[in-house]
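Structure record follows, encoded as structure tokens.
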Amino acid sequence: AAQDASAGERSFAKCRACHQIGEGARNLVGPELNGLIGRHSGAVEGYSYSAANKNSGLTWDEATFAEYIKDPRTKIPGTKMIFAGIKSEKEIKDLTAFLKQFDKD
Ligand code: HEM
């Protein structure tokens, strides 16, 4: 398959130290990620974003998310998300398929 959400779920283990997703997801080190694809950057109520993230002007669609997660600090200079990124295009596609399963709550 082009996108494999269950492989994406395994990949999301890299994010879980800082992000929750799914029913009851709360903000931790990073914002909760429900409804990510389609929302504006910096939009989660009650989460204290960096100015860089809040004001990036990005909408998270598949293309902007893919660029961001490959190298967060190149896409959003000054972000406080300290994460090296995911380099594999296949892994990014799978991760995106996983994220898209969770609508805004
Ligand atoms: C922000 C995804 C890993 C900490 C974000 C945003 C996305 C994202 C899309 C922007 C959210 C928005 O604008 O509402 C991911 C994914 C990860 C991952 C998919 C795994 C592949 C991590 C890790 C950490 C982390 C491991 C902590 C070490 C943060 C923080 C922010 C953030 C602190 C807020 C950035 C800011 O305000 O500048 N993440 N993240 N993330 N993430 Fe992650």
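Each residue takes its place number in the sequence, starting with 1. Atoms within a ligand are numbered from 1 in the order they appear, just like the ligands themselves. Model, not experiment: these values are computed from the prediction.
Of the listed residues (Phe65, Phe83, Tyr68), the one carrying the non-hydrogen atom nearest atom 7 (C) of ligand 1 is Tyr68.
The part of Ile86 lying near ligand 1 is the side chain, judged by heavy-atom distances below 4.0 Å. Residue contacts with ligand 1, taken as heavy atom pairs separated by less than 4.0 Å, involve Tyr49 via backbone and side-chain atoms alike. Here Lys54 has no heavy atoms under 4.0 Å from ligand 1, in either its backbone or its side chain. Contacts with ligand 1 closer than 4.0 Å are made by heavy atoms of both the backbone and the side chain of Ser41.
Using a 30° and 60° split on the angle between ring planes, Phe12 and Phe98 fall in the tilted class, from 30° to 60°.
Between the SD atom of Met81 and the NE2 atom of His19, the angle centred on atom 43 (Fe) of ligand 1 amounts to 170° when rounded to 10°.
The closest protein non-hydrogen atom to atom 35 (C) of ligand 1 is Thr79 OG1, 3.4 Å. Scanning the protein heavy atoms around atom 38 (O) of ligand 1, the nearest turns out to be Ser50 OG, 2.5 Å. Atom 21 (C) of ligand 1 has Cys15 SG, 2.6 Å as its closest protein atom, hydrogens excluded (heavy atom only). Atom 34 (C) of ligand 1 has its closest protein heavy atom at Tyr47 OH, 3.4 Å. From the protein, the heavy atom lying nearest to atom 24 (C) of ligand 1 is Cys18 SG, 2.8 Å. Among protein heavy atoms, atom 10 (C) of ligand 1 sits closest to Asn53 ND2, 3.5 Å.
Other residues, nucleotides and ligands contribute at most 12 non-hydrogen atoms within 6.0 Å of the NZ atom of Lys93.
The backbone N or O of Ala63 sits nowhere less than 3.5 Å from a side-chain atom of Tyr68 that would complete a donor-acceptor pair. Checked by atom type and distance alone, the side chain of Lys87 pairs as donor or acceptor with a backbone atom of Lys70 at under 3.5 Å. The backbone N or O of Leu28 lies less than 3.5 Å from no partner atom in the side chain of His19, so there is not a single donor-acceptor pair. At least one donor-acceptor pair closer than 3.5 Å links the side chain of Ser41 to the backbone N or O of Asn53.
The contact set between ligand 1 and Val29, taken as ligand atoms under 4.0 Å from a residue heavy atom, comprises 33 (C). Close approach of ligand 1 to Ile69 is summarised as follows: ligand atoms under 4.0 Å from at least one heavy atom of the residue are 15 (C), 16 (C), 17 (C), 19 (C), 21 (C). Atoms of ligand 1 lying under 4.0 Å from any heavy atom of Gly30, numbered from 1 in the order shown and given with element: 29 (C), 30 (C). The contact set between ligand 1 and Leu36, taken as ligand atoms under 4.0 Å from a residue heavy atom, comprises 9 (C). Close approach of ligand 1 to Lys14 is summarised as follows: ligand atoms under 4.0 Å from at least one heavy atom of the residue are 26 (C). For ligand 1 and Ile82, the ligand atoms under 4.0 Å from any heavy atom of the residue are 28 (C).
For ligand 1, the polar-atom distance check finds an N/O of Trp60 within less than 3.5 Å of one of the ligand's N/O atoms.
Scanning both residues, Ile21 and Leu99, for their nearest heavy atoms gives CD1-CD2, 3.6 Å. Residues Pro72 and Gly85 approach most closely at CD-CA, 4.0 Å, considering heavy atoms. Looking at every heavy atom in both residues, Asn34 comes nearest to Phe102 through OD1-CB, 3.4 Å.
At least one heavy atom of Gly42 sits under 4.0 Å from some atom of ligand 1. Judged by the shortest distance from any of its heavy atoms, Arg16 lies outside the 4.0 Å radius around the atoms of ligand 1. Within the 4.0 Å heavy-atom cutoff, Pro31 counts among the residues contacting ligand 1. Distances from ligand 1 to the non-hydrogen atoms of Phe12 include no value under 4.0 Å.
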Stepwise side-chain contact (heavy atoms from CB on, under 4.5 Å) test for Gln3 and Glu62
CA-CA 12 Å; Gln3 295 196 329; Glu62 296 202 26; 3.6 Å; yes
Chi angles and distances behind the side chain to side chain donor-acceptor pair (under 3.5 Å) call for Thr59, Asp61
CA-CA 6 Å; Thr59 296; Asp61 58 24; over 6 Å; no
Any chance you could lay out the side-chain contact (heavy atoms from CB on, under 4.5 Å) test for Lys54 and Ser50, step after step, and finish with the verdict?
CA-CA 6 Å; Lys54 198 163 182 58; Ser50 68; over 6 Å; no
Let me see the working for Glu32 and Arg26 under side-chain contact (heavy atoms from CB on, under 4.5 Å), right down to the final yes or no.
CA-CA 5 Å; Glu32 55 94 353; Arg26 294 198 284 182; 5.9 Å; no
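Between Glu91 and Lys14 a salt bridge is recorded (basic side-chain N to carboxylate O distance below 4.0 Å).
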